[in-house]
Amino acid sequence: MKPYFLAWHVFRRELLDQWRDRRTLLSVIFLPLLLYPIMGLAMLQVMQFVGEKPTRVLVIGQQHLQPAAVAGPGPLFVDDDWNPQWLNGQAESLAKLDFLGEVDATFEAAIHSVVQEPEPISAAAIAAREKIQTLLRERQADVLLWIAPTAARTPHDGSLEVDPEQSQAGRPSLHLLQNTVSDQSRIATGRVEQILQAWYIAGRSAAAEAHPEVANEPFEYAASDLAPPAQLNSQVWSKILPFILFLWTLTGAFYCAVDCCAGEKERGTLEALLVTPATRTQIVLGKLWTTMAFSLTSGMVNLLGTVATGWFVSRQLGALAAEQGLANFGPPPLYALAWLVVGAVPISALFSAISLAVAAFARSTKEGQHYLMPILMVSLPLLTLPMLPGMQLDLGISLIPVTGMLFWLRSLLEGEYWMAARFTLPVLLVNGWCVYLALGWAVYQFQQESVLFRPVERFSLLPWLVTLLRPAGPVPAVAQVVMLLGVVMSLKVILTAAAPVPSAWDSFVWHTLIVLVGAVALPPIVLAIASTGSWVETLRLRPVPWTTWVASLGLAVCFHPLILWFQQFVMHLYPMSMDTSQIQQTLQHIVGGAPGMWAIVLVMAIAPAICEELTFRGFVFSGLLKALKPFNAILISAILFGAMHGLLQQSIVATATGVLIGFLAWRTASLWPCIAYHAAHNALTLQFAFLNPAELAESKWLRFVLEFEANEQGQLIGLSYTPWAATFLIVCGLWLCLYLKPSADSKSPPSDSGVRFRRTVAARSASEGIA
Amino acid sequence: MIEVCQVGKSYPDGISSVFWALDDVTFSVQPSEVVGLVGANGAGKTSLLRILSTVLPPTTGDVWVGGYHVVHDAAAVRSQVGFVSANTAVYDRLTGAEYVRFFGNFYGLPADELEDRIDELFVRFRMTGLRDQLCGRMSTGMKQKVSIARALVHNPDILIFDEATLGLDIVAARSVMEMVMALREESKCIIFSTHIMSELERICDRLVILHQGRLVAEGTAKELMDTYTEASLEDLFFRIISTEVQEEALDRPAGLAAELTTSEVVG
């Protein structure tokens, strides 16, 4: 016998064992394949937040610059804005200017004293410092650019004195007042300094040409940091500590949940618990509290470790850090611990509930541990968002689970109590709602016998694929729906990359049609024919009376004000990044080359409506409706429909629209009304995008229905329905919903044509794991 | 005491088909009666017992335990039932008394009453030595005895034993059987599932025989042996199952009827 034969023998058996474990294969092979496209989509959504945002610069004392501007290389400001000469390609809007017109001399004197005294003693300086700090904190401005009267100094009476000699020399003195605790303020400082540097270099060259014998400095520059010392210290820790706490809270919750659920199943002690009078909800609650206790302990112990290490390191390196210019690096503030405990409880509840639901699904602890990575992958973008520069707590951020809580904690740690107080309610409501949903999911998992008593599964790839493609019923099974979504997603990525990049209308049409038909329409048609008993039933191609067609078109019109309002609300919550806006402008430019509105409607309204509905309200919805309650089928198909749209804002609005179309699909049991609604909705949205304000102003009828706002260039910048028109349309829409009676199909139980009674010896052995 | 009416139970099998583990099973158990549930592996015994203890809902049919419906009044059913499975798993890091106390608390017993009950059970079944011993350090037989104490802590009227002696050595199995016999003396309603015919002969008033999810015979051991003219329960069981398999084979299309083998008969 060869020496390695037995080792090879053991290896083969182990390999066979793993190969036949469906969940292991799913985690090791299929999950990564799915995970990276999903992560790509998530990154796109995160990039929405990362894109450059405009900063506001408040300029005080512009009048002191005038002589220098004339004498120097060119003015710093032109028409109350930056001189484009010094922008170096930087978009003007990135450092938007506000000029403080009339500044009283006392305020200017106070600013001067703030600049002169890093730690103000005089009452006036303290008051001025607080006033400027408030301006910066409340984001009325990100930085203040103070152009001081040359060589100004503050005498004791508080008035400002000007040194006449230096003033005549015409060298201006520029002071930038920033708050280094705020990312946005630091970004704004960087942008303004770039502009000033360009102006400085040009000024020096001009001065050297004029007076080569004298090395003349064009202006004096200084920056002052107005961040309160306590906030300076907390700035670094306010990002690090919540991240560490949340990460360990999640990890602690997960391992405990796996032991509480999968471990209990594996050890065989669960059945005795299920026979007691405790309800499944009570059992889950008990396990939730255990998981929370361990999750909180894990988070807090790690936090204490970090804080203790922080103290030690900051004490050891304090002097060195100051030398290196890292003045902000100090020991973590102890009050931070109290706030972190407050924030840790709801987030621990959320992570514990999610972990329990996921762990309940696992048959063994080994399998349960495979599920940690996907949970981490989903959570990490939410945990790292607050680490990105330039982001602050606002309503939109507060509505994002986990992230909102992290920002809320960060505000508390930075001493921004007012900001934290304003968003406490949305943050707690969103996280509370997520805990409720996750807990409901965990209880649901504990009520599923297929989850609690899942037998050992043997997996063979080829028979599984054959089963997946074998028509087993008139409509697809959930596994076939998942397969379709995987195919659609992969093809969309491949075809989007392979199709020619649109640069003009013709190439845009080709690109759109290739992606839509190839990736979105063909897969459901092919799979419906190949893998289901009835492709007509799967795609829900049942004819409907003409009145239903009309009602569907009417519904799209009637609910358009609602969707438009929701879209504007979403855009307010999550404004488009500048990069995305530029892409959209490019797209608008391309679409502007279309031969007419009919072509735009055909390519951008009707074609997407047909293709997307075949997938989502056809194949996906019929498959989900077979396995789930109608409400869940509508909601999940809508979320999937939303997720296929690239941008976060589009995804949210598409999900809301998907719910309405899903309702229509369920009520009418046909795809045609859905296509009609979708196409009409798209067409209306496109029509709105191309409305001409001049035409709007002329038409009495349109003015009765629509309210609009145009800018000085005559471009439409705001459009909405008048309250009267919106109310009338929505009431009509609700009436139409009642008019659409539930179809017989929507009430019938799931088809049982796929049910087969199997009484073979093989089936008996298959049941061993259950019975 | 227990009414099982046309009960069916199916499980998903593959993507869109189902496997029926129980099909149209009907029988009843009277108070103070001990009924033996017999069947080969995969006959549906555990599914049926899990339905009786409300862990699983039936797919079709109705079941009443102690006058309560297992789906609509599950909590009331659970408070009357004690369930012991073949799985001897217990919480390894609890002692015998802690384990029984943990489950006793689910039934809302007052603390002193619960302690008295725990003392009584440990003394009665001669396992006082296990009281303070960690479950993880107990032998399989000891664990099963603690499990039985756990199932009896709330003094239920109905007891369900699902292959409670499976995997136990002869001493431990006898010890468990003695516990069941003692409960029989207390006029408890007991359903006892096992493969061991001698155990059935010793304790059961009546037998219910399942084969591939269907009830194929029901009656006292004597009645069944007389009907099938067999001298022992083992022969009786094999005979009944063989008859069922033969009938199935005859139903198959011509040419496919396979020769019956012992392995096919017993699964």
Side-chain angles (χ1 to χ4, degrees), chain A residues 264-280 282-283 447 449-450 452-455 463-464 467-480 483 531-533 626-627 750-771, chain B residues 9-23 39-48 50 53-57 74-79 81-92 99 102-103 105-108 147 150-151 154 160 162 212-214 245 248 263-264 267:
Chain A
E264 182 139 24
K265 271 202 252 180
E266 196 171 36
R267 290 188 291 270
T269 50
L270 188 62
E271 202 169 356
L273 198 60
L274 297 177
V275 184
T276 65
T279 61
R280 303 289 162 96
Q282 288 165 333
I283 293 172
Q447 284 166 339
E449 60 190 76
S450 55
L452 292 178
F453 301 107
R454 197 149 53 80
W464 180 73
T467 318
L468 211 56
L469 291 170
R470 187 181 61 193
V475 292
V478 174
Q480 289 166 322
M483 181 174 72
S531 71
T532 68
K626 182 186 171 189
S751 165
D752 63 350
S753 56
V755 172
R756 281 179 296 240
F757 288 78
R758 294 171 60 183
R759 301 201 171 284
T760 61
V761 174
R764 251 198 340 264
S765 60
S767 74
E768 286 298 308
I770 302 168
Chain B
K9 180 68 194 171
S10 64
Y11 300 103
D13 181 24
I15 288 174
S16 55
S17 61
V18 294
F19 165 73
W20 285 84
L22 286 173
D23 183 13
N41 290 336
K45 299 187 298 296
T46 299
S47 292
L48 179 60
R50 280 178 175 166
S53 56
T54 76
V55 174
L56 294 180
V77 171
R78 284 187 212 135
S79 65
V81 169
F83 182 83
V84 180
S85 71
N87 190 338
T88 55
V90 284
Y91 295 127
D92 285 349
Y99 180 72
F102 169 71
F103 281 96
N105 279 320
F106 282 111
Y107 298 92
S147 290
R150 181 261 300 161
H154 57 299
I160 296 169
D162 182 15
Q212 294 186 3
R214 279 179 294 167
V245 176
E248 272 182 15
S263 62
E264 193 175 0

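Note on naming: letters A, B, ... go to the chains in the order of the sequence lines (proteins, then strands), and numbering restarts at 1 for each one.
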- Task: For A/L273 and B/F106, work out which heavy atoms get closest and say how close.
- Result: CD1-CZ, 3.6 Å

- Task: Could you tell me which portion of A/Q282 (side chain, backbone, both or neither) has an atom closer than 4.5 angstrom to a non-hydrogen atom of chain B?
- Result: neither

- Item | Interface moiety of B/V90 toward chain A, non-hydrogen atoms closer than 4.5 Å | backbone

- Note on the structure: For B/F103 and A/T276 the tightest heavy-atom approach is CD2-CG2, 3.5 Å

- Task: Please name the pair of heavy atoms, one in A/R267 and one in B/A89, separated by the smallest distance, quoted to 0.1 Å.
- Result: O-CB, 2.6 Å

